[in-house]
Amino acid sequence: MHTGGRAGEWEDILAELSPPSGAPQSVPALLRRNVTQFGSRDAYREKEFGIWQSWTWAETVDEIEALALGLLALGLDRGDYVAVIGRNRPALYWSMVAVQMAGGVPVPLYQDAVTEEMTYVLEHCGARFVVAGDQEQVDKVIEAQETLHGIEHIIYAEARGMRKYDHSKLHALTDVQAEGRAAHERLERELRAREAELDYDSTCVMLYTSGTTGKPKGVVLSNRNIIEASRSSSEFDDLRKEDEVLAYLPMAWVGDFIFSIGQAYWTGFCVNCPESADTMMTDLREIGPTYFFAPPRVFETLLTSVMIRMEDAGKFKKGLFDRAMARAKVIGPKMLDGKPVTTGERLAYAMDNALVIGPLKNTLGMSRIRVGYTAGEAIGPEIFDFYRALGINLKQLYGQTEASVFITQQPDSEVRPDTVGVPSPGVELKIGENGEVFYRSPGTFVEYFKNPESTASTKDAEGWVATGDAGFIEEDTGHLRILDRAKDVGKTAAGGLFAPKYVENKLKFYPDILEAVVFGNERDYCTAFINIDLSAVGNWAERNNIAYASYQELAGHPQVLASIQSHVEAVNRSVAEDPMLAHCQIARFLVLHKELDADDGELTRTRKVRRRIIEEKFADLLDALYSDKTSQYTETEVTYEDGRKGKISATIEIRDAVTVAVDTARMAAE
């Protein structure tokens, strides 16, 4: 365990990380370097109307410069905060770099945020300018202006539906660029001066946390944070200018900023933007990225779609798939890790690859993946092993917005589902007395915007940052294992360790379980709320000619409940084999009558469970789980797509699950 050094030691280390004279010290400077080194290579692609359009690095700098000059013409001052809202598209990535070039600070927001959430961030950062993707985002900003009065200009990227709006303070992005080009001679000197002022300690971006436990916090990240994190992580995985990524995750999330701007500008690889969320899978197959990131939920959804197709397949095809995957789970990871493989195993895998694995990877758009990562929350071991079995170099990383993503990464040949890897280059780790993980690195954030109290409580004078996660470092491997959020880890009434996320991830391996929330801290036994996956269970219902009218009706169907119970009991048997977590078996459960939803405050915009809110909102159901009741009537407020509020009611069945007796003495001995 590291104990830390003197307060000035970390500043001395950071000072040594300053770039050599003449080296790029900002993202706009990296852009200039890329134009010089590989200006004719594609920097961005976007699919629009079914056709891929490309921009080289030389064309990209022209687009960004024009927009930066246009922003100056509109009156952007040094230090102004500019909100950027919308789906992944080159114009919005350009706007973030243009804002930096002009001396401002980009603040990307989640495009699916409701007006109330958006209003909070816009007011907190004091945005004078907003760059919005389309009419939907413009409408939300205009609604927010009913209470906000600091927004002076709204710039929109997509003109559809905007013709009849009042354009006195509303501008098409292409018009702003045209104005910038027209004012080139007049404003170029000012733009160059502002760009030259940027250095390693200038603010690069401000990203807001997802607000799992309260209001989102603005995380200020400098050029040093972004460039050093991008450089070291790119070198760790040998990322190259030839690589391809698909930019489909929220632009307000730190991972997308690092992958689609930080690492893209450091290495010079191409960023591909899908046409829409609906075409993402098609676009993924067409691009065939070599570097791919997805949170566990995406991998879970893809696996669910595969399993649904296999259930619909004929007996011969299903048998071929099952046999191939059984062999692949043994051979695939060994080949990825460079371990010895017999000639017979190699031939068997080659045959399976030709008949099953290769076509499946192609269908998933993963045929060319050289480096793949998942993070955000723990992924179920079974899901992780499935993709590794396909020969996909899927690894785990552990990170935070406050770390510019990277805290730990898994090196090739050291990949396991139960760890999140070793410290990323330049990162130091330590474990606190209460089991909390601490880190410090060149990527460590500058501060929380307008929140010195939270900054001081999260980052100490020596640079150590409290992650809020509980874990431990394996002595023999140096790998970090994360148990759960520190605030969620506890003990059962009998004294056993309680770590709900571990069990939840095992449950979510099953295609018909979308989400699970496990309870049990300081209680006699563990219980769970479960959400079914409507697409998977709906497909099963159609195959079995079972009619249903709603999610609620399907969630309460006796056969669905019986299937979920079998999964819960299978997970109990698996959990019972782990000496440390055997007390986390689920004794009682229910299937919720509604999907947990970010619009209802039950999930964050990054799809993380807001455990405390769920406990409060469904307190009657939780109380029923810890009683002898076999059912419970409940009413719940919901938010409809158009923003209206309503209530749904249901009588929910509560089921007991079989648990495995725990040999406490044997567990203690182990």
Side-chain angles (χ1 to χ4, degrees), residues 212-213 296-297 300 376-383 418 468-471 481-510 512-533 555 561 563-578 580-596 602-604 607-627 632 652-660 662:
T212 309
T213 57
R297 185 176 291 271
E300 291 161 6
E377 59 178 327
I379 189 171
E382 296 86 353
I383 300 169
D418 59 342
D469 292 319
R481 289 186 66 178
I482 297 294
L483 294 174
D484 210 321
R485 292 294 292 171
K487 61 184 175 55
D488 293 331
V489 173
K491 290 186 180 295
T492 62
L497 180 66
F498 173 69
K501 184 60 70 177
Y502 176 82
V503 184
E504 291 163 0
N505 287 327
K506 280 185 170 290
L507 286 166
K508 289 192 289 184
F509 168 73
Y510 295 98
D512 46 355
I513 296 180
L514 178 65
E515 191 59 79
V517 187
V518 174
F519 308 95
N521 188 39
E522 298 182 355
R523 295 183 182 266
D524 293 332
Y525 53 87
C526 293
T527 61
F529 292 165
I530 290 173
N531 266 168
I532 60 170
D533 187 305
L561 293 174
S563 176
I564 299 299
Q565 180 161 353
S566 70
H567 299 332
V568 170
E569 291 174 352
V571 167
N572 283 346
R573 292 191 292 272
S574 174
V575 171
E577 295 174 1
D578 189 314
M580 190 163 54
L581 295 163
H583 293 275
C584 293
Q585 296 177 64
I586 296 168
R588 307 191 83 205
F589 74 94
L590 58 81
V591 176
L592 286 171
H593 54 304
K594 69 175 291 290
E595 286 191 59
L596 298 176
E602 298 145 353
L603 303 174
T604 68
R607 307 295 298 177
K608 291 179 182 175
V609 167
R610 282 179 160 151
R611 204 174 296 273
R612 300 291 177 263
I613 291 176
I614 291 170
E615 285 182 9
E616 294 171 5
K617 189 169 186 175
F618 301 103
D620 56 338
L621 298 179
L622 188 57
D623 290 342
L625 281 171
Y626 286 98
S627 71
Q632 175 65 40
I652 299 175
E653 182 178 341
I654 297 171
R655 290 203 167 198
D656 295 322
V658 175
T659 58
V660 179
V662 178

Return the set of residues passing ring-ring contact (aromatic ring centres under 6.0 Å, His included) with F498 (not counting sequence neighbours), or none when no residue passes.
none
Cationic N near anionic O, under 4.0 Å, R297 to E300:
no
E569 side chain vs V658 backbone, donor-acceptor pair below 3.5 Å
yes
Roughly how far, to the nearest 0.5 Å, is the CD1 atom of I614 from the CZ atom of F529?
8.0 Å
Distance-only criterion, 3.5 Å: show the donor-acceptor pairs between side-chain atoms of residues 585-592 and protein atoms not counting sequence neighbours.
residue : atom : partner : partner atom : Å
Q585    : OE1  : V660    : N            : 2.6
Q585    : NE2  : A582    : O            : 3.1
Q585    : NE2  : V660    : O            : 2.8
R588    : NE   : D656    : OD1          : 2.7
R588    : NH1  : A624    : O            : 3.2
R588    : NH1  : L625    : O            : 3.1
R588    : NH1  : S627    : O            : 2.6
R588    : NH1  : K629    : O            : 3.4
R588    : NH2  : K629    : O            : 2.5

Qualifying residues under salt bridge (charged side-chain N to carboxylate O under 4.0 Å, His left out), relative to R523, sequence neighbours excluded
none
Quick one: does any side-chain atom of E504 pair with a main-chain N or O of V518 as donor and acceptor, under 3.5 Å?
yes
Shortest non-hydrogen contact from A570 toward Y510:
CB-OH, 3.3 Å
Might you point out which heavy atoms bring N521 and G490 nearest each other, and give the distance in Å?
OD1-CA, 3.2 Å
Can you name the salt bridge (charged side-chain N to carboxylate O under 4.0 Å, His left out) partners of D488, sequence neighbours left out?
R611, R612
So which heavy atom on I654 is nearest to which on Q632, and how close?
CD1-CB, 4.4 Å
Determine whether Y525 and T659 satisfy the following criterion, side-chain contact (heavy atoms from CB on, under 4.5 Å), listing intermediate values before the conclusion.
CA-CA 10 Å; Y525 53 87; T659 58; over 6 Å; no
Donor-acceptor pair, side chain of D484 and main chain of K501, under 3.5 angstrom
yes
How far does CG of L483 sit from CG of L581, to the nearest 0.5 angstrom?
7.0 Å
If you measure from OG on S566 to CD1 on I564, what distance do you get to the nearest 0.5 Å?
7.5 Å
Do P296 and N505 have side-chain heavy atoms sitting under 4.5 Å apart?
no
To the nearest 0.5 Å, atom CD1 of I513 lies from atom CD1 of I532 at 10.0 Å
I want to check something: taking the side chain as every heavy atom from C-beta on, are R655 and V568 in contact at a cut-off of under 4.5 Å?
no
Least distance between heavy atoms, K508 atom then L514 atom:
CD-O, 3.3 Å
Interatomic distance, D623 atom CG to E615 atom CD [nearest 0.5 angstrom]:
10.5 Å
What is the minimum heavy-atom distance between C584 and C526, and which atoms define it?
CA-SG, 3.8 Å
To the closest 0.5 Å, what do you measure between OG1 (T492) and CD (E522)?
10.0 Å
Student check: side-chain heavy atoms of L603 and V609 closer than 4.5 Å
yes
Residues passing the salt bridge (charged side-chain N to carboxylate O under 4.0 Å, His left out) test with D620, sequence neighbours excluded, are none
4.5 Å side-chain heavy-atom contact, L497 and H583:
no
Who are the salt bridge (charged side-chain N to carboxylate O under 4.0 Å, His left out) partners of K594, not counting sequence neighbours?
D600, E602
